[in-house]
Amino acid sequence: MSLNTTALKQKWNEAKENSLKYINDPNAFKLEKREENIKISTVEHTNGSIVRGDAIIKNCTVEEFLAVISSLDLKQRQNYDQKVKNLSEVDKFSDNDGNFSIRYQLIKSPSMMVSERDFLYIEHTITLEGNVTLFVATSVDDVYGNNDKVPKTSGAVRGTNYFTSFELKQEGNDLVIKYVAQANPNGWIPTSIANSVVLDRPMAIARIAKLLGKTVETVQ
């Protein structure tokens, strides 16, 4: 079956607009904590909390950071997200807007009481005005038709990634990062575990910096 690239791109664009709304409205968020110089904040939403992470990675380029978050290397991914159990590209396409990658990701269970989660999503990176790069990933279960290509994991519950976005801006030798994400794991998860997972997501910035041999500077 041929890809419905129009529907896939529309889904990605919706996620882009939603994530930019929150990236550009830091005052909507409540500060939760600062950890390893990552400023972590949240805002409540009917589809689940939206988490935000703000930081500066010293002596880092956009290209260095993008190479890590867009890589399909499972061991590298596990260096900054140990919860990832499987990662693969199931499809891809390119057009005048660039390269789009459709991926499958399996997440380990955080507890014996909780099922594993998996996600089917599209990711793409664009350049915005003002020397800004935007990476966005979002679930595409409802618009991706080639389900025979998607790995099937017994017992896994399909989660929904509304958006996972990194806004990256080069300022001299340093990289200013604004991260926002919203996901619904679906199914049952104890509230305490769900909350800890949400607040841990921006910590990927610190782990990626460590992987690259860089240091993190906090923002106000």
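Atoms considered below: every heavy atom in the structure, side chains included; atoms not considered: hydrogens, waters and symmetry mates. Counting begins at 1 with the first residue of the sequence.
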Verify whether one side chain among Tyr104 and Asp118 offers a donor that lies under 3.5 Å from an acceptor in the other. yes
Would Arg52 count as a cation-pi partner of Phe29, with NZ or CZ less than 6.0 Å from the six-membered ring centre and within 45° of the ring normal? yes
Determine whether the side chains of Thr160 and Asn186 contain a donor N or O and an acceptor N or O closer than 3.5 Å. yes
Using a distance-only test with no angle check, is there a side-chain donor-acceptor pair under 3.5 angstrom linking Arg34 and Thr218? yes
Determine the minimum heavy-atom distance between Arg117 and Ile189, stating which atoms define it. NH2-CG1, 3.7 Å
State plainly whether the residues Lys83 and Asp81 are in salt-bridge range, i.e. N to O under 4.0 Å. yes
May I ask you to say whether Lys108 pairs ionically with Glu116, meaning some side-chain N is under 4.0 Å from a carboxylate O? no
Checking one residue: Met112. Which other hydrophobic residues are in its cluster under the side-chain 4.5 Å linking rule? none
Residue from Glu32, Glu44, Lys30 passing side-chain hydrogen bond (donor to acceptor under 3.5 Å, both in side chains) with Ser49: Glu44
Rounded to the nearest 0.5 Å, how far does CG of Leu3 lie from CG of Leu8? 6.0 Å
Residues which pass salt bridge (Lys or Arg N to Asp or Glu O under 4.0 Å) with Asp142, listed by chain and number, not counting sequence neighbours: Lys11
Looking at His124 and Lys9, would you say the former's side chain and the latter's main chain have a donor-acceptor pair under 3.5 Å? no
Residues in salt bridge (Lys or Arg N to Asp or Glu O under 4.0 Å) contact with Lys16, at least two apart in sequence or another chain: none
Checking side-chain contact (heavy atoms from CB on, under 4.5 Å) for the pair Thr138/Thr164: CA distance, chi angles, key distance, verdict? CA-CA 7 Å; Thr138 187; Thr164 298; over 6 Å; no
Minimum heavy-atom distance Pro202-Ile38, with the two atoms named: O-CG2, 3.9 Å
Could you tell me whether the side chain of Leu168 reaches within less than 4.5 Å of the side chain of Val132, counting heavy atoms only? no
Gln76 and Ser71 side chains, donor-acceptor separation under 3.5 Å: yes
Output for pair (Lys178 NZ, Asp54 CG), nearest 0.5 Å, gives 7.0 Å
Strictly by modelled atom types, are Asn18 and Tyr162 linked by a side-chain donor-acceptor pair under 3.5 Å? no
Please examine the side chains of Arg103 and Val90, heavy atoms only from C-beta on, and report whether any two atoms are closer than 4.5 Å. no
Decide whether Ser94 and Asn99 meet the rule of one side-chain donor and one side-chain acceptor closer than 3.5 Å. yes
